Amino acid sequence: MKKLLSVALALFLLTSSAYADGSSCEGCKVSMEETATIVTVASKAGNFETLLAAAKAAGLVDTLNAKGPYTVFAPTDEAFSKIPKETLDALLKDPKALSKVLLYHVVPGKLTASDVLAQKSLTSAEGSKLSVTMSNGKAQVGNATIVATDVKASN
């Protein structure tokens with residue numbers, strides 16, 4: 001089950017450091033760069049609703065809001081749509097298995113796209129090795145193609 005999402009063909013690389021658009025909170029002393037967590041960035045992007053629902057079902061929202069740093073290979077809603085509905089529904093009802101699947105997509109530490117591509121493999125927070133390859137000029141982690149890179153969050 002843990003590799004179901006990795007087969008999904010679309011990943012989004014979220015990494016720690018700053019908010020993607022560098023916006024700041026007017027009237028606040030702390031800029032958005034310092035406060036937009038992975039969950040906030042994914043929520044604002046609008047194409048990670050299934051991932052966010054899965055993180056909530058698995059009890060991982062607090063982890064993805066925690067200090068980090070983390071690099072997340074975040075499956076988009078389009079990627080999740082490639083998983084059969086009955087398989088996804090069963091997974092959403094099994095928090096332990098779901099947590100393993102989601103943590104398979106997280107690598108501890110702040111990694112940029114160039115950091116990722118400099119590796120042959122990465123170790124996920126779940127403990128599995130993730131292969132890093134180039135195929136037809138596109139970066140892949142496992143069997144999934146990275147479609148956006150260096151999307152930054154505070155953690």
Side-chain angles (χ1 to χ4, degrees), residues 1-25 28 30-80 83 88 91-92 94-134 138-155:
M1 291 269 262
K2 72 182 179 191
K3 295 188 182 185
L4 283 175
L5 299 182
S6 68
V7 180
L9 299 183
L11 292 174
F12 204 75
L13 175 64
L14 288 167
T15 188
S16 62
S17 175
Y19 189 65
D21 67 7
S23 62
S24 62
C25 174
C28 299
V30 178
S31 70
M32 186 65 106
E33 312 180 335
E34 298 167 0
T35 61
T37 66
I38 290 166
V39 172
T40 304
V41 171
S43 180
K44 194 170 186 177
N47 59 339
F48 297 101
E49 298 305 314
T50 308
L51 175 64
L52 293 169
K56 184 176 180 181
L60 291 176
V61 171
D62 288 343
T63 300
L64 294 175
N65 275 325
K67 186 176 180 181
Y70 307 111
T71 299
V72 179
F73 297 97
T76 62
D77 291 335
E78 180 183 351
F80 274 103
I83 300 171
L88 185 57
L91 193 56
L92 289 169
D94 185 349
K96 187 174 179 178
L98 183 58
S99 179
K100 287 181 105 174
V101 169
L102 295 176
L103 291 174
Y104 177 83
H105 292 79
V106 177
V107 174
K110 175 187 174 189
L111 300 173
T112 63
S114 60
D115 295 333
V116 170
L117 292 175
Q119 306 294 315
K120 290 189 189 277
S121 69
L122 303 166
T123 302
S124 74
E126 177 269 335
S128 294
K129 291 284 186 193
L130 307 173
S131 64
V132 178
T133 58
M134 290 294 289
K138 296 181 180 179
Q140 294 189 307
V141 174
N143 294 326
T145 300
I146 298 174
V147 297
T149 61
D150 300 334
V151 178
K152 297 178 181 173
S154 63
N155 60 337

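All values derive from a computational prediction rather than experimental measurement. Just the heavy atoms: all of them, side chains too, but no hydrogens, waters or symmetry mates, feed the values below. Throughout, residue positions are numbered sequentially from 1 according to the sequence presented.
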M134 and L117: CA distance, side-chain angles, deciding distance, side-chain contact (heavy atoms from CB on, under 4.5 Å) verdict: CA-CA 8 Å; M134 290 294 289; L117 292 175; 3.9 Å; yes
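- Judged by distance alone, the side chain of N155 and the main-chain N or O of Y70 form no donor-acceptor pair under 3.5 Å.
- Residues K152 and V41 share a closest heavy-atom pair of O-CG2, 3.6 Å.
- Contact detail for A74 and L51: the closest heavy-atom pair is CB-CD2, 3.6 Å.
- The closest donor-acceptor contact from the side chain of D150 to the backbone of T112 lies at 3.5 Å or more, if one exists at all.
- Shown here are the side-chain hydrogen bond (donor to acceptor under 3.5 Å, both in side chains) partners of S43, two or more places apart in sequence or in another chain: there are none.
- Nearest approach of K100 to E126, heavy atoms of both residues: O-CG, 3.4 Å.
- One distance of note links CD1 of I38 with CG of L52; it measures 11.0 Å at 0.5 Å rounding.
- The main-chain N or O of T50 is found under 3.5 Å from a side-chain atom of D77 such that the two form a donor-acceptor pair.
- Nearest heavy-atom pair across G109 and T71 is O-OG1, 2.7 Å.
- To the nearest 0.5 Å, atom OG1 of residue T149 and atom CG of residue D115 are 11.0 Å apart.
- By the side-chain hydrogen bond (donor to acceptor under 3.5 Å, both in side chains) test, T63 is found to be paired with no residue, residues two or more places apart in sequence or in another chain being considered.
- Between L111 and L122 there is a side-chain heavy-atom pair separated by less than 4.5 Å.
- Taking A58 as the reference, L60, L98, S99, L102 meet the side chain to side chain contact (heavy atoms under 4.5 Å, CB included) condition, with sequence neighbours excluded.
- Interatomic distance, L92 CG to F80 CZ, rounded to the nearest 0.5 Å: 8.0 Å.
- Side-chain contact check for T76 and E78: no donor-acceptor pair (N or O, by modelled atom type) lies under 3.5 Å.
- When all heavy atoms are compared, the tightest approach of T145 to Q140 is OG1-NE2, 3.1 Å.
- Taking each heavy atom of A125 and P108 in turn, the nearest pair found is N-CD, 4.0 Å.
- A donor-acceptor pair is defined here as one N or O able to donate and one able to accept, closer than 3.5 Å; no such pair exists between the side chain of S124 and the backbone of H105.
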